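All values below come from the heavy atoms of this structure, side chains included, with hydrogens, waters and symmetry mates left out. Here the structure is a predicted model, which is why all the values come from computation and not from measurement. Chain naming here is simple, since letters A, B, ... match the order of the sequence lines and numbering starts at 1 in each.
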Amino acid sequence: MAIRTFLEAIRDTLGEEMRRDPSIIVLGEDVGVKGGVFLVTDGLHAEFGETRVIDTPLTESMIVGTSIGAAANGLRPVAEIQFADFIFPAFNQIVSEAARMRYRSNNAFGCPITIRAPYGGGVHGALYHSQSVEAFFTHVPGLKVIVPSTPYDAKGLLRSAIRDDDPVLFFEHKKMYRSVRGDVPDGEYTVPIGRAAVTRVGTRVTVVAYGLMAHYALEAAERVAEEGISVEVVDLRTLRPLDRETLLGSVRKTGKCLVVYEDNRFGGYGAEIAAIVAEEAFDYLDGPVMRVAGPDVPGVPYNHVLEDWFMVNPEKIAEGIRTLAAY
Amino acid sequence: MAIRTFLEAIRDTLGEEMRRDPSIIVLGEDVGVKGGVFLVTDGLHAEFGETRVIDTPLTESMIVGTSIGAAANGLRPVAEIQFADFIFPAFNQIVSEAARMRYRSNNAFGCPITIRAPYGGGVHGALYHSQSVEAFFTHVPGLKVIVPSTPYDAKGLLRSAIRDDDPVLFFEHKKMYRSVRGDVPDGEYTVPIGRAAVTRVGTRVTVVAYGLMAHYALEAAERVAEEGISVEVVDLRTLRPLDRETLLGSVRKTGKCLVVYEDNRFGGYGAEIAAIVAEEAFDYLDGPVMRVAGPDVPGVPYNHVLEDWFMVNPEKIAEGIRTLAAY
Amino acid sequence: MTATEHLGAAVGLGDDQLLAMYRMVALARAIDERMWILNRAGRVPFVISGQGHEGAQVGIVSALRPGLDWMVPYYRSIAAVLTFGMSPREIMLAQYAKASDPSSGGRQMPGHYGGAAYNILSSSSPVATQILHAAGIALAAQIRGTGQVAITFMGEGSSNQGDVHEGLNFAAIHHLPMILVVENNGYAISVPSVKELALPDVAARAAGYGIPGVIVDGADVLGAYRVAREAVERARTGGGPTLIEAKVTRLTPHSSDDQQTKYRTAEELAAERARDPLPRFREQLATAGILTPEIEGRLATEIAGLVDDATSYAESQPDPDPASATWYVYAEDRPATGGGAG
Amino acid sequence: MTATEHLGAAVGLGDDQLLAMYRMVALARAIDERMWILNRAGRVPFVISGQGHEGAQVGIVSALRPGLDWMVPYYRSIAAVLTFGMSPREIMLAQYAKASDPSSGGRQMPGHYGGAAYNILSSSSPVATQILHAAGIALAAQIRGTGQVAITFMGEGSSNQGDVHEGLNFAAIHHLPMILVVENNGYAISVPSVKELALPDVAARAAGYGIPGVIVDGADVLGAYRVAREAVERARTGGGPTLIEAKVTRLTPHSSDDQQTKYRTAEELAAERARDPLPRFREQLATAGILTPEIEGRLATEIAGLVDDATSYAESQPDPDPASATWYVYAEDRPATGGGAG
Ligand SMILES: Cc1ncc(C[n+]2csc(CCOP(=O)(O)OP(=O)(O)O)c2C)c(N)n1
Ligand SMILES: Cc1ncc(C[n+]2csc(CCOP(=O)(O)OP(=O)(O)O)c2C)c(N)n1
Ligand SMILES: [Mg+2]
Ligand SMILES: [Mg+2]
């Protein structure tokens, strides 16, 4: 057992998996000598050389497209998109190609690739270095989408992602890289894709969150606990496939559900969670399914005054819990 | 008043608007001499010449990207993406650029472009000529998204879209082009962006739909009417901005809501509708918000047996209504 | 030395090989023509084909090693995939979208070829994406040291997509064993070359990546073979990628949904017939004494039989089971009985 | 004829114009250096700058007509936008992200220049998208017959993006009045040119589109002016687009978040100092007798004053009102009082 930052847990996993399986390569912009702009791949180039740790040209479609081809011919590429905001040039390759390779070929070909990307706001990144992009991908059959919130989960889920035979998007909240620490066991372990975690047990309101918001949800739960509101927190961890049992089990118990996400509210991932809960837990609900999410403006603005206005934070979540609990 | 097909209504509008405003250009693949693969732009090249009706190279990012620039310098481009399925190479230009131009420049620049694209299945188009892509864009602040279902609305809304000062995506169900006819007034009229229509008045269940599904919803309502179930149908027409008043007004009246969409269910546009209804009409609901939508596979398969399996049709909707009504 | 020896000798091919290539061109054409007949007869709803492109495809693909090398085809690649190992029955199974179609089990439109047994990667509809898959296959070949070459094909209209730039650049930087074949037929559906491309030759772009860009007359089967052999040799020996541009003609409308008389004149269409690779290759081999009337007759009979067999076989095969529609979204989505297509 | 007359005469510029250009290079540098000081002092959280690129930018933009022509800049375009009309105060307002920042009202990170008053289109972070905006501006100029030229800028790493291929092809087909300037500083953040590009010269790609591709030493301000003047002339007279590649040096880390010593040696960094355009231009003008010590002193004082003024002005301006965060998502989202920024 060791204490690792969120970032270190990811870096460790990449190294360990690459040592285990020579078919794994890492590719992306600046992932080599520099070790990535956040230093997540730091040291890999020195250890595995430039054949397995490839500094690509500044071309995201190429990063994903060649990963698809390389996967067809026996490799297991782990691609890095420098910021989730810059994944859109690769959108066609991800959505039209990677996601459909197995289905369209009737299982003749698979696409075992992992695409890692730092996402999220609150770091003065403005419109193009702050985005949450998960909703564009959680909608796509054929993709798996993971958003871990702890070093333990990051390691166990990244290992599962790399070993998975289908394309996995792995989004890492950049604000958590160095600020979040936690226990990580020494040995090889995996966290299965598709299982949520109840990170706090409670009775009156279920708060569903993921990524940085899973931490903020816990903070908010702590605040309202002092006011006598018992909150259960479900950290989804995997957004697609969704763990319906854990989600619905919790809501059926508490009867109230608050969905929290950092992304723009309208049409964000949390809309699907709310829709599922509203449909499948209807008889258990004694309050509307509510949401606390980012406002519907085209991005997180830069100036700190505006950025603070945009970001979901523990207090906004606590307010949501209070409103719902009082319903 | 004249009877026009859905396609003719769109074609008429393009011609009329181009006659009115010399700053409007039409650009896209095969939109010139051929008049588009569906013949929507047929005749425009002959009338307006190749300066205003531009056969572009086969490059969607360029079609949208140059439209953005041309709009900044005084034109009003109406771009055609040949099939909605092929809009993804332009995803970055639409989502990162067009949608954010006004916000990021603090209103110094706008982006008055219209992007038309045929969408939808049921025409033996398989995975890449059948898609519903609206959910990728309805999530994006800065974009407006229209999916008309009648020739009247298509004309009035396309006119509004072209005259709008912000980027509008205008999705046309290709199965409706020739099969749907209706009255279209002779004079110039507009249908405002952001207003839904109640296309059938009823009391027991509200069915919310758009595009081809708005027709199927009416057919389904007809079927169950014989069984004594009174259905109200809301045709959203504009998906973003959403007409919350009409939507919620209907659900508050009937107490039951079925959301219908052709796209893959998980994370589709209807999830947001369900989430809004579940949150804002909770006290009026006497049944869960239910959805009838496309299954979660990576595309409409080609073989007619599989295609029929995929497509939402009036009977599937009727089944959904029966289940909900019986709740 | 006879004329016969001359024709093959120049490109290192024996008479048998030349005849095999001719057979492929003729077979591809015959299957293709049958598709249109079936379409016009209402038996198959959609056709997209390669008539006029077969000479270039057969010439080029004959330079590869099936079973070792990889191909990422496009919708006109009928002759290419046949040359690489696919059978007429497999082509027709795709045309009829039957359950046993190896390309997609009837899930994709006809023309979207793929086959794990042949190292033919599944292809999609959005054009030009495949160049990056070919580059990735070549990257894996280089890293794994397999000696494989990856070849991919597209039209000249598609060559303007951003992915082509990104793919050629990456392949050139890493000297990847990749070949991009652009089959330039002068049109992207209705859009003529002058509105798609700033220059007549796509091959002119190769120099910008420091790689060879070779132009070949697509009706010259042996010329196509020769440039491909050089490109394959270069790729296999670490010399990096090649862009081959084959000037071909599209003898049919874009697809069964297109009416090309709206944008091409009768004169143009008639003139283009002269660029048909099939009669040209036939005459070349006949003049050289390789293709005798007797052999030609035998081949014609064989091919007619193959096409009939492929058609009736495919027509008799079952449609996919609707229950199978949920299989293979993910690796774990398999029929309850295990097994499955792949 | 004196040496003075010679220097300007070769490119058709008078002494005043040469001095104005020198002043721009020096001003851009001074503002840029101040940004880094402010960043290191914790006053502004982020800096991305153009040190080493100013000579090429000033030389090239001096060939345009501000008020008529259009520019789509990138994050190193400080000297370019200054030359095109932006003021030091406006640059600093963006740096401080204040409400009155004309580029974005404090919404974007510093370095994302734009300004309706100057025909400088708002720029974003995803690289290379701007070439298509420039092509569209040029298309509109051509259709509307305005006589405008659209110029856009990017790094060599960005030139590998698919949009560049699509943009150059379209501009070339239609002979659009567009100029693409690639400022090649040999790195995309940490990735050296050999891993970004198959050839050292981006300009080599121009021939593939049938357009001129011109290489210029970015430290040669007058050389840059000359090639730009030719390109502008060509564009304005219907001759179509030009690709100008300026070989420049990046004197700073990529941005204030980067540590370039990790991937560039001390020797390389020292050697690159020799490619700084500022001392080179200074010496050139001094040798020609145009830039006297007296003028230089006067300019230095003026520039120092401008930078101080811009800094204190920007620092004193108000932050955006949080209530304004919902404005301008759409045209109809305006402050209740009407009016607004644009
Ligand atoms: C990204 C994308 N956009 C549009 C289409 C529709 N489309 C299919 S083929 C085609 C023309 C292709 O022309 P070219 O590349 O020259 O190939 P050809 O058909 O002439 O062989 C078009 C526009 C598509 N398949 N993919
Ligand atoms: C699409 C996209 N991918 C990645 C980035 C992150 N990024 C910003 S600048 C840069 C390097 C740009 O290099 P180059 O084009 O050579 O310009 P330079 O900074 O050297 O002037 C990268 C990778 C981005 N802004 N956009
Ligand atoms: Mg073509
Ligand atoms: Mg650079």
Side-chain angles (χ1 to χ4, degrees), chain A residues 22-23 25 27 49-52 54-77 79 89-90 92-93 95-113 140-144 164-168 193-194 240-241, chain C residues 70 72 99 101-108 112 114-117 119-126 129-144 146 148 150 152 161-163 165-167 169-171 173-174 176 178 320 324 327-334 340-342:
Chain A
S23 75
I25 60 168
L27 72 169
E50 65 179 14
T51 308
R52 290 185 64 197
I54 304 171
D55 265 332
T56 65
L58 206 181
T59 46
E60 289 78 10
S61 188
M62 176 248 115
I63 292 170
V64 175
T66 55
S67 293
I68 294 169
N73 197 15
L75 297 185
R76 256 176 206 269
N92 193 38
Q93 286 288 348
V95 173
S96 300
E97 303 295 332
R100 303 189 202 174
M101 183 60 81
R102 187 179 302 283
Y103 193 78
R104 80 181 188 215
S105 72
N106 203 31
N107 207 34
F109 296 98
C111 187
I113 69 175
V140 180
L143 299 179
K144 297 183 177 180
D164 197 273
D165 284 333
D166 289 301
V168 181
I193 295 175
R240 184 177 189 121
Chain C
W70 277 84
V72 197
D101 153 35
S103 292
S104 78
R107 289 174 169 191
Q108 293 216 73
H112 291 65
N119 284 356
I120 299 176
L121 186 65
S122 163
S123 49
S124 66
S125 305
T129 54
Q130 71 267 27
I131 186 174
L132 293 173
H133 307 163
I137 290 169
L139 177 69
Q142 186 182 70
I143 291 175
R144 295 173 52 217
T146 60
Q148 296 160 319
T152 188
Q161 284 276 352
D163 276 0
H165 181 49
E166 300 188 12
N169 186 48
F170 184 69
I173 291 170
H174 292 278
L176 297 183
M178 184 189 91
S324 73
W327 298 350
Y328 314 130
V329 178
Y330 300 99
E332 48 274 21
D333 304 322
R334 306 179 155 276

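Counting heavy-atom pairs under 4.5 Å between each of C:Ser122, C:Ala140, C:Gly105, C:Gly115 and chain A puts C:Ser122 at the top. Of the listed residues A:Pro167, A:Pro89, A:Gly142, the one with more heavy-atom pairs under 4.5 angstrom with chain C than any other is A:Gly142. Ranked by heavy-atom pairs shorter than 4.5 Å toward chain A, the options C:Val329, C:Leu139, C:Thr129, C:Ile143 are led by C:Thr129. The candidate from A:Asp165, A:Leu58, A:Asp164, A:Thr51 with the greatest count of non-hydrogen atom pairs under 4.5 Å with chain C is A:Thr51.
Note on C:Glu332 versus A:Lys144: salt bridge recorded, some NZ/NE/NH1/NH2 to OD/OE distance being below 4.0 Å.
Here the shortest heavy-atom pairing between C:Glu166 and A:Glu60 reads OE1-N, 4.3 Å. The minimum heavy-atom distance between C:Tyr330 and A:Arg102, with the atom names listed, is C-CD, 3.5 Å. Of all heavy-atom pairs between C:Pro126 and A:Asn92, the closest is CB-ND2, 4.0 Å. Taking each heavy atom of C:Asp163 and A:Ser61 in turn, the nearest pair found is OD1-OG, 2.6 Å. Of all heavy-atom pairs spanning C:Ala331 and A:Asp166, the tightest one is N-OD2, 2.6 Å. Between C:Ala135 and A:Thr66, the shortest heavy-atom distance links the atoms CB-CG2, 3.8 Å.
The contact between C:Gln148 and chain A is made entirely by side chain atoms (from C-beta outward), counting heavy-atom distances below 4.5 Å. Using a 4.5 Å cut-off between heavy atoms, C:Ile131 does not touch chain A at all. Neither the backbone nor the side chain of C:Leu176 comes within less than 4.5 Å of any heavy atom of chain A. Looking at C:Ala141, both its backbone and its side chain come within 4.5 Å of chain A, counting heavy atoms on both sides. Proximity to chain A is limited to the backbone of C:Ser123, based on heavy atoms less than 4.5 angstrom apart. Heavy-atom distances place the side chain of A:Ile25, and not its backbone, under 4.5 Å from chain C. With a threshold of 4.5 angstrom between heavy atoms, A:Thr59 approaches chain C through its backbone and through its side chain.
Side-chain atoms of A:Asn107 and C:Trp327 include no donor-acceptor pair closer than 3.5 Å. Judged by distance alone, the side chains of C:Ser124 and A:Glu97 do bring a donor and an acceptor atom under 3.5 Å apart. For C:Ser104 and A:Arg104, the side-chain atoms include no donor-acceptor pair closer than 3.5 Å.
The CD1 atom of C:Ile120 lies 13.0 Å from the OG atom of A:Ser105; values are rounded to the nearest 0.5 Å. We find the CG-CD distance between A:Asn106 and C:Gln108 to be 10.5 Å, quoted to the nearest 0.5 Å. One distance of note links CZ of A:Phe109 with CG of C:Asn119; it measures 7.0 Å at 0.5 Å rounding.
Taking 4.5 Å as the limit, some side-chain heavy atom of C:His174 sits within range of a side-chain heavy atom of A:Ile54.
Taking the ring centre of A:Tyr103 as origin, the terminal cationic atom of C:Arg107 falls inside the region bounded by 6.0 Å and 45° from the ring axis.
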